[in-house]
Amino acid sequence: MTVTVLVTGGAGYIGSHVCKALAEAGDKPVCYDTLEKGHDWAVQWGPLERGDIGDKARLDEVFARHRPRAVIHLAGYIEVGESVRQPERYLHNNVTKSDALIDAALRHDVEAFVFSSSCAVYGLPQTDLLAETHAIAPLSPYAESKARVEQALGEAAGRGLRSASLRYFNAAGADSGGTIGEAHDPETHLLPLAADAALGLGPALTLLGTDYPTPDGSCIRDFVHVSDLADAHLRALDWLGRRTANGHEAFNLGSGAGYSVRQALAETARIAGTPVPHEVGPRRPGDSPKLVGDIAKARRELGWSPQRDLAAQIEDTLRWRRKMSR
Ligand SMILES: NC(=O)c1ccc[n+]([C@@H]2O[C@H](COP(=O)([O-])OP(=O)(O)OC[C@H]3O[C@@H](n4cnc5c(N)ncnc54)[C@H](O)[C@@H]3O)[C@@H](O)[C@H]2O)c1
C-alpha cells in the first residue's frame, strides 16, 4: 500500500534523498519546504508544496489535501556558527515552528513522526563512543534547538504522537544517480569543501585547529552516507508502525567509525588523484575533538547498517561537485 509522507525540508540536501528513497519504496513523498535554502530542482519524486512549518493555515491546507500518514521533519536552519550569532532566529525557526508542525501532526492524526536531530545534542563527549544514553548538553543554539524539539516530541507522545528522533553524525556523499547532492550556500561541510579545493573549484581548505588531543591533531568525525541516512528514515517509519504504544525514541545514525579531518583530506587527495590545497587555521569555538557514534541501537532496533564507506562518500562528493560546476 502506498503511504503518503509529508517531508518537511524535502527540497534540501538530506530531505531530497529521503524523498527519493520513499518513492523507490513505493511511497508518496510530499515535499513541504519554503525553498529558502532548498532547491526546486531537488524535488523530483513527488509534489512540492511550498510553505513554512510555522504557518498553521498552510499546514492545515496541505494536510487536508494529501492526508499524510507520516511526517519526516527535516526543515530547519543548520549552521552552528550562524546560530551562535543569531540564537533567536534559530530557536524561532527550529523550535517554535516545529511546535506548530507537531500540533498540526496531532490535529491531523499522523501515525508516525520522524525528526532530524543531531549528534550535536551531546555537547562535549564524556565517553569514547557516544550512545543515546549520553547526557544531553548542547553547546550552541543550533544544538539546543534539536534538544528542545526532541523534548517537545517526548511531551507530544502523551498527546498521542509516536515519534523517533534520528541523531545524525556527519552526513556526506550524494545519490549515485547523480541528480541530487549537497548544495548549501554557504557550504560549511568538510567533504564538499575538500572536493572543491582538490578540483580547483573552490579556495584552499582551512583546517579548523590542528592542536586537538587526537593522533594527528585534527578533529575526528563520524561520516555517514546520505543515502544510508535516507534508508534509516524508512526503517524508522516501519519501526514506528510496529509499535503498539505512543512514545518517543532517539537513534544515533553514524558509521560507528571515526576519521580525522587530515585522514579525510588524504583520502580525498588519493581518490581525486590530486592534492587538497589547505591551510591551518584556529579552532572553531564549540568544536569537540572527537564525535563518533555508537550505532548499536539503530542496528538492533531498526535493522539498519551503513553500506557506504568514507571512500564511497568521497567518490560521490567528487562526482557531484564536478557535475554542479558544469
Ligand atoms: N547535514 C548534516 O550533516 C546534518 C547533521 C545533523 C542534522 N542535520 C539536520 O538534518 C536536516 C536537514 O539538513 P540538510 O543538510 O539537508 O539541510 P538543508 O538546508 O539542505 O535542508 C533544510 C531545508 O529546510 C528548509 N526549511 C528551513 N526552514 C524552513 C521552514 N521554517 N519551513 C519550511 N522549510 C524550511 C530549507 O529551505 C531547506 O530546503 C536539518 O534539520 C539539519 O539540522 C543535518
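Atoms within a ligand are numbered from 1 in the order they appear, just like the ligands themselves. Because only heavy atoms are used, hydrogens play no part in the values below, and waters and symmetry mates are left out as well, while side chains stay in.
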Query raised in the report: Salt bridge or not for Asp238 and Arg235, using N-O below 4.0 Å?
Result: no
Report task. Establish, yes or no, whether a centroid distance under 6.0 Å links the rings of Phe251 and Trp304. Result -> no
Give every pair formed by an N or O atom of ligand 1 and a protein N or O atom closer than 3.5 Å, one pair per line with both atom names and the distance to 0.1 Å, or write none.
{"unit_1": "ligand 1", "atom_1": "3 (O)", "unit_2": "Ala171", "atom_2": "N", "d": "3.1"}
{"unit_1": "ligand 1", "atom_1": "15 (O)", "unit_2": "His184", "atom_2": "NE2", "d": "3.2"}
{"unit_1": "ligand 1", "atom_1": "16 (O)", "unit_2": "Tyr13", "atom_2": "N", "d": "3.3"}
{"unit_1": "ligand 1", "atom_1": "16 (O)", "unit_2": "Ile14", "atom_2": "N", "d": "2.8"}
{"unit_1": "ligand 1", "atom_1": "20 (O)", "unit_2": "Tyr13", "atom_2": "N", "d": "2.9"}
{"unit_1": "ligand 1", "atom_1": "20 (O)", "unit_2": "His184", "atom_2": "NE2", "d": "2.9"}
{"unit_1": "ligand 1", "atom_1": "28 (N)", "unit_2": "Asn93", "atom_2": "ND2", "d": "3.1"}
{"unit_1": "ligand 1", "atom_1": "31 (N)", "unit_2": "Asp52", "atom_2": "OD1", "d": "3.2"}
{"unit_1": "ligand 1", "atom_1": "31 (N)", "unit_2": "Asn93", "atom_2": "OD1", "d": "2.8"}
{"unit_1": "ligand 1", "atom_1": "32 (N)", "unit_2": "Ile53", "atom_2": "N", "d": "3.1"}
{"unit_1": "ligand 1", "atom_1": "34 (N)", "unit_2": "Thr34", "atom_2": "N", "d": "3.4"}
{"unit_1": "ligand 1", "atom_1": "37 (O)", "unit_2": "Asp33", "atom_2": "OD1", "d": "2.7"}
{"unit_1": "ligand 1", "atom_1": "37 (O)", "unit_2": "Glu36", "atom_2": "N", "d": "3.4"}
{"unit_1": "ligand 1", "atom_1": "37 (O)", "unit_2": "Lys37", "atom_2": "N", "d": "2.9"}
{"unit_1": "ligand 1", "atom_1": "37 (O)", "unit_2": "Gly38", "atom_2": "N", "d": "3.1"}
{"unit_1": "ligand 1", "atom_1": "39 (O)", "unit_2": "Gly12", "atom_2": "N", "d": "3.4"}
{"unit_1": "ligand 1", "atom_1": "39 (O)", "unit_2": "Asp33", "atom_2": "OD1", "d": "3.3"}
{"unit_1": "ligand 1", "atom_1": "39 (O)", "unit_2": "Asp33", "atom_2": "OD2", "d": "2.6"}
{"unit_1": "ligand 1", "atom_1": "39 (O)", "unit_2": "Gly38", "atom_2": "N", "d": "3.1"}
{"unit_1": "ligand 1", "atom_1": "41 (O)", "unit_2": "Leu74", "atom_2": "O", "d": "2.9"}
{"unit_1": "ligand 1", "atom_1": "41 (O)", "unit_2": "Lys146", "atom_2": "NZ", "d": "2.8"}
{"unit_1": "ligand 1", "atom_1": "43 (O)", "unit_2": "Tyr142", "atom_2": "OH", "d": "2.6"}
{"unit_1": "ligand 1", "atom_1": "43 (O)", "unit_2": "Lys146", "atom_2": "NZ", "d": "3.0"}

Query raised in the report: Between Asp52 and Arg58, is there a side-chain N and carboxylate O pair less than 4.0 Å apart?
Result: no
Query raised in the report: Below 4.0 angstrom, N of the basic side chain to O of the carboxylate: do Glu82 and Arg85 qualify?
Result: no
Requested in this report: Taking the six-membered ring for Trp and the full ring for Phe, Tyr or His, determine whether the centres of Tyr32 and His73 are under 6.0 Å apart.
Outcome: no
Query raised in the report: With a 4.5 Å limit on heavy-atom distance, are the side chains of Arg159 and Asp103 in contact?
Result: yes
